[in-house]
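Quick notes on the structure that follows.
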Amino acid sequence: MVRVGLVMLQGARHAHISTLESASEELGLALEIIELRTPLDLQTSGIDAIVFPGGESTTIRLTGANDLNNLLPALFDWLRTNENTPVLATCAGAILLAQPNDSGTPLVNATVNRNGYGSQADSFQAMLEVPTLGEPYLGVFIRAPRFASIGEGAQAIATHNQEVVGIRQENRLAVTFHPELSGDLRFHTWLLKLAEGEKT
Ligand code: GLN
């Protein structure tokens with residue numbers, strides 16, 4: 001059984017849920033998805049992995065840190081405490097891990113430029129090189145950020161025309177595209193395998 005906490009602040013949460021379900025079925029692994037809406041949800045015991053969907057990082061910062069809901073600072077604290085827990089952060093999720101903009105250390109050691117390819121009209125799909133996964137992977141880029149720098153401890157895992165579009169730092173995967181929208185389960189499978197590995 002793997003329990004995946006899904007950050008429910010914004011983004012294609014349901015696409016992540018169905019991709020996680022298909023990936024777990026393919027692996028023959030029981031899956032429970034814990035929807036993270038408030039800091040209390042983070043206290044659910046045995047969260048084995050986190051998925052942090054994209055969306056709009058400014059909106060996520062606003063909806064995740066206000067008087068009604070302060071999930072975002074609680075999530076950052078939780079991630080700093082549970083530093084081995086596997087994480088898949090996509091697009092705006094990757095921006096927030098790299099640039100939490102709080103007083104703590106970044107959750108992945110990189111800097112990003114938001115909307116690095118331009119506006120919505122410059123959204124695109126392209127085949128990526130992801131050596132760990134083998135065959136090329138279809139990357140869906142929606143108002144995607146671009147890595148400006150990649151620091152110590154973070155390694156490139158995915159490239160597009162030689163430009164890094166995904167990094168891994170320990171068990172945290174941060175990608176600037178949307179693996180939940182490409183119909184290819186391999187990133188979610190990777191996350192579930194990392195989560196399973198941490199338990200054994
Ligand atoms: N452009 C968005 C931002 O700056 C990210 C887009 C996405 O998550 N698809 O937060």
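Just so you know, ligand 1 is whichever comes first in the structure, and atom 1 is the first atom listed for that ligand.
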Which of the ligand 1 atoms, numbered from 1, are nearer than 4.0 Å to a heavy atom of Cys91
5 (C), 6 (C), 7 (C), 8 (O), 9 (N)
Filtering Gln10, Arg114, Gln120 for the heavy atom nearest atom 4 (O) of ligand 1 leaves Arg114
Min N/O separation Thr90 to ligand 1 under 3.5 Å
no
Under 4.5 Å between any side-chain heavy atoms of Leu79 and Leu97, yes or no?
yes
Of Gly55, Ala144, Gly54, which has the heavy atom at the shortest distance from atom 5 (C) of ligand 1?
Gly55
Output the list of atoms in ligand 1 that are nearer than 4.0 Å to some heavy atom of Ile95, sorted by atom number.
3 (C), 4 (O), 10 (O)
For ligand 1, is there an N or O atom under 3.5 Å from any N or O atom of Thr58?
no
Please list, chain by chain and in numerical order, all residues satisfying side chain to side chain donor-acceptor pair (under 3.5 Å) with Arg61, sequence neighbours excluded.
none
Going by the order shown, which atoms of ligand 1 are within less than 4.0 Å of some heavy atom of Asn115?
1 (N), 2 (C), 4 (O)
At a 4.0 Å threshold, what atoms of ligand 1 neighbour a non-hydrogen atom of Arg143?
1 (N), 2 (C), 5 (C), 6 (C)
Pairs under 3.5 angstrom only: tabulate donor-acceptor contacts from the side chains of residues 83-90 to other protein residues two or more places apart or in another chain.
| from | atom 1 | to | atom 2 | distance (Å) |
| --- | --- | --- | --- | --- |
| Thr85 | OG1 | Asn82 | O | 3.4 |
| Thr90 | OG1 | Gly54 | N | 3.1 |

Where does the angle between the aromatic ring planes of Tyr137 and Phe187 fall among parallel (under 30°), tilted (30 to 60°) and perpendicular (over 60°)?
perpendicular
Under 3.5 Å, is there a donor-acceptor pair linking the side chains of Gln120 and Arg143?
yes
Residue, atom name and distance, where the atom is the protein heavy atom closest to atom 3 (C) of ligand 1
Glu56 OE2, 3.3 Å
If we number the atoms of ligand 1 from 1 as shown, the ones under 4.0 Å from a heavy atom of Ser57 are 3 (C), 4 (O), 10 (O)
So, do Phe124 and His160 have ring centers that fall under 6.0 Å from each other?
yes
Answer with yes or no whether the side chains of Ser57 and Arg114 bring together a donor and an acceptor at under 3.5 Å.
yes
